[in-house]
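Notes to accompany the following structure.
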Amino acid sequence: MAGITFKNVTKSYRNHVMVVPGLNFEIKDKEFVVLVGPSGCGKSTTLRMIAGLEAVTSGEILIGEKVVNNVAPKDRDIAMVFQNYALYPHMTIYKNMAFALKIRKIPKDIIDKKVRETAAILDISDYLDRKPKELSGGQRQRVALGRAMVRDPAVFLLDEPLSNLDAKLRTEMRGQIIELQRKLEATFVYVTHDQTEAMTMADRIIVMKGGEIQQSDTPQVLYDAPDNRFVAGFIGSPEMNFWDASVAVEGDDVFLEFCGVSIQMPRNRAAALKSYSGKSVMIGIRPEDIHWCDSNEKGSGIFSSNVAIVEMMGSELFLYLDFNGNRVRARVPARFGIRSGDKINLSFDINKFHIFDEQTEKTIEQGRPGGA
């Protein structure tokens, strides 16, 4: 078993800067977990504490059933893949992959078998006699993965391994890493600031900010039911639209007033908002939940807007709109043929509004998936 457990783990430095104020979480055996968040949120520090490259200030880290706070990195049954590959430039690919086994005094025939089997899995058999500088970025990243694989670790730690690759290679490598994890049936802990990587690769995502966990759940739950404004804004591309709004209650009817318009909320959502009567809230809606309407359509919830910028994304258009002096992002099918300068009608999917407390920035309807 190679699960990982953090119990009240803190990390601070000599100047008393607290990087991680207290982490409690568990990663299950054979789970693919992605730590995601902006630069400086503590995700790489967390990964390095698992690896033993950073000392824990207080608390306990367990790998399996064993507390590893004072266990040397080489004895933790982990392998780490770095952002910059960390290959030895003077060694061949074969020697790079064999090095860790050689210093553990593994017999040569076993080393040879492991290296060649791993190279075949990663499709780098033809490069074993080359030096790292003779390989492309994607090939070097596969070598770095192979060097970790030959050790048969229980846990793989990957620190932004794709950030040096171009967009096409990143997409290819994402798929290869997912397949690799399934083949190896190992625990993978992956750090990235790229929420697209997190959404496409993870069994579970841990969203961090300021050294603290904001939410931990499956990609779909994070997308549909974010716990707070930070998670809502960090997950999803293009980013969710946010506006300040006020709540007006008239009998059993509840209205959200924002951007110069007023929208009546459906009865199944009104109850949670009644206590906010006369107060300000923050509302959010994803670009795909703002719909283009035919110019002849009329009715409540349909508003006109001017198109400022159009980004062609193949089958979709990303629209940047001027809505009563407010910038709005929408995502519509390309077949509509909308162009910059057009005036179009929009409708908001009211059931997909996310509503947050203005002070705490936490969702007012905890656990409610969009559209439920």
(message) Under the side chain to side chain donor-acceptor pair (under 3.5 Å) definition, can you give me all pairs with a residue in residues 32-51, not counting sequence neighbours?
(response) S44-D159

(request) Check whether I355 and I290 end up in the same hydrophobic cluster, where Ile, Leu, Val, Met, Phe, Trp and Tyr are linked by side-chain heavy atoms less than 4.5 Å apart. (result) yes

(request) Would you please classify the geometry between the F25 ring and the F6 ring as parallel, tilted or perpendicular, with 30° and 60° separating the classes? (result) parallel

(request) Decide yes or no for V247 and L256: does some side-chain heavy atom of the first lie under 4.5 Å from some side-chain heavy atom of the second? (result) yes

(message) Are the side chains of D244 and M282 in contact, using a 4.5 Å heavy-atom criterion?
(response) yes

(request) Would you indicate whether the side-chain heavy atoms of V261 and F323 approach each other to under 4.5 Å? (result) yes

(message) So does D349 get a backbone contact from the side chain of N351, meaning a donor-acceptor N/O pair under 3.5 Å?
(response) no

(request) With the side chain counted from C-beta on, respond yes when R286 and K352 share a heavy-atom pair under 4.5 Å apart, and no when they do not. (result) no

(request) Enter the distance from L128:CG to K95:NZ here, rounded to the nearest 0.5 Å. (result) 12.5 Å

(request) Check the pair K28 / D203 against side-chain contact (heavy atoms from CB on, under 4.5 Å), numbers first and verdict last. (result) CA-CA 10 Å; K28 296 177 183 177; D203 296 326; over 6 Å; no

(request) Could you label the plane-to-plane angle of the F348 and F303 rings as parallel, tilted or perpendicular, counting under 30° as parallel and over 60° as perpendicular? (result) tilted

(message) My understanding is that only one of T363, V231, V221 makes a side-chain contact (heavy atoms from CB on, under 4.5 Å) with P226; could you say which?
(response) V231

(message) Looking at N345 and C293, would you say the former's side chain and the latter's main chain have a donor-acceptor pair under 3.5 Å?
(response) no

(request) Without swapping roles, check the side chain of T118 against the backbone of M149 for a donor-acceptor pair under 3.5 Å. (result) no

(request) Measure from NZ or CZ of R229 to the centre of the six-membered ring of F242, then state whether that distance is under 6.0 Å and the direction lies within 45° of the axis. (result) yes

(request) Identify the heavy atoms of A154 and A186 that sit nearest to each other, and give their distance. (result) O-CB, 3.9 Å

(message) Is any side-chain heavy atom of L158 closer than 4.5 Å to one of M80?
(response) no

(message) Whether the side chain of K131 engages the backbone of P89 through a donor-acceptor N/O pair (distance < 3.5 Å, no angle test) should be reported.
(response) no

(message) Tell me the closest heavy-atom pair linking P219 and A202, and the distance in Å.
(response) CG-O, 3.6 Å

(message) How close do P161 and V191 get, counting heavy atoms only, and between which atoms?
(response) CD-O, 4.2 Å

(message) Applying a strict under-4.5 Å side-chain criterion to I, L, V, M, F, W and Y, I'd like to know whether V155 and L53 cluster together.
(response) yes

(request) Starting at CD1 of I63, measure out to CD1 of I27 and round the result to the nearest 0.5 Å. (result) 10.0 Å

(request) Identify whether I344 and F336 are in the same connected component of the hydrophobic contact network (ILVMFWY, side-chain heavy atoms under 4.5 Å). (result) yes

(request) Quick one: do K362 and F356 satisfy side-chain contact (heavy atoms from CB on, under 4.5 Å)? Show the steps, please. (result) CA-CA 5 Å; K362 292 182 178 180; F356 306 96; over 6 Å; no

(request) Could you tell me whether D109 atom CG has more than 12 heavy atoms of other residues or ligands within 6.0 Å of it? (result) yes

(request) Please report the shortest heavy-atom distance between L317 and G337, naming the atom on each side. (result) CD1-N, 4.4 Å

(request) Drop me the distance from L162's CG to T171's OG1, to the nearest 0.5 angstrom. (result) 9.5 Å

(request) Hey, could you give me the CD/CE distance between Q181 and M201, rounded to the nearest 0.5 Å? (result) 9.0 Å

(message) Please evaluate residues F156 and L145 with respect to the criterion side-chain contact (heavy atoms from CB on, under 4.5 Å), reporting the C-alpha separation (whole Å), side-chain torsions for both, the decisive distance (0.1 Å), and the verdict.
(response) CA-CA 9 Å; F156 283 79; L145 285 166; 5.5 Å; no

(message) Would I106 and K114 count as a side-chain contact (heavy atoms from CB on, under 4.5 Å) here? Give the steps.
(response) CA-CA 11 Å; I106 303 296; K114 282 181 172 290; 5.6 Å; no

(request) For the pair R327 (side chain) and Y320 (backbone), establish whether a donor and an acceptor sit closer than 3.5 Å, ignoring hydrogens and angles. (result) no

(message) With a 3.5 Å distance limit and no angle check, can you tell me whether R151 reaches the backbone of I78 through a side-chain donor-acceptor pair?
(response) yes

(request) Look at the side chain of N69 and the backbone N and O of I61, then say whether any donor-acceptor pair between them is shorter than 3.5 Å. (result) yes

(request) Can you tell me which residue pairs pass the side chain to side chain donor-acceptor pair (under 3.5 Å) test with a partner in residues 133-147, sequence neighbours excluded? (result) Y127-Q139, S136-Q139

(request) Kindly work out whether a path of hydrophobic side-chain contacts (I/L/V/M/F/W/Y, heavy atoms less than 4.5 Å apart) joins V150 to Y88. (result) no

(request) Examine the side chains of T10 and T57 and answer whether a donor and an acceptor come within less than 3.5 Å of each other. (result) no

(message) Are the side chains of P132 and I93 in contact, using a 4.5 Å heavy-atom criterion?
(response) yes

(request) Taking all non-hydrogen atoms of both residues into account, name the closest pair between C259 and N324 and its distance. (result) O-ND2, 2.8 Å

(request) Report yes if the side chains of I177 and F188 come closer than 4.5 Å at any heavy-atom pair, otherwise no. (result) yes

(request) Would you give the length of the straight line joining atom CH2 of W292 to atom CG of D342, rounded to the nearest 0.5 angstrom? (result) 10.5 Å

(message) Check this for me: R182, atom CZ, are more than 12 non-hydrogen atoms of other residues, nucleotides or ligands nearer than 6.0 Å?
(response) no

(message) Taking A2's backbone N and O only, do any of them form a donor-acceptor pair with D29's side chain (distance below 3.5 Å, no angle check)?
(response) yes

(message) Side chains of Q214 and N228: any donor to acceptor distance under 3.5 Å?
(response) yes

(request) Answer with yes or no whether the hydrophobic clustering places V189 together with V71; edges join I, L, V, M, F, W, Y residues whose side-chain heavy atoms lie under 4.5 Å apart. (result) yes

(request) Measure the CE-CZ distance between M313 and F318 for me, rounded to the nearest 0.5 Å. (result) 4.5 Å

(request) Answer yes or no: is there a donor N or O on one side and an acceptor on the other, between the side chain of R329 and the main chain of M240, under 3.5 Å? (result) yes

(message) For K274 and D252: C-alpha separation, side-chain torsions, deciding distance, then whether salt bridge (charged side-chain N to carboxylate O under 4.0 Å, His left out) applies.
(response) CA-CA 9 Å; K274 281 190 174 181; D252 291 330; 3.4 Å; yes

(message) Tell me the closest heavy-atom pair linking A119 and M97, and the distance in Å.
(response) N-CE, 4.1 Å

(request) Using a 4.5 Å cut-off on heavy atoms from C-beta on, say whether the side chain of F230 contacts that of V207. (result) yes

(message) Quick one: does any side-chain atom of T192 pair with a main-chain N or O of E160 as donor and acceptor, under 3.5 Å?
(response) no

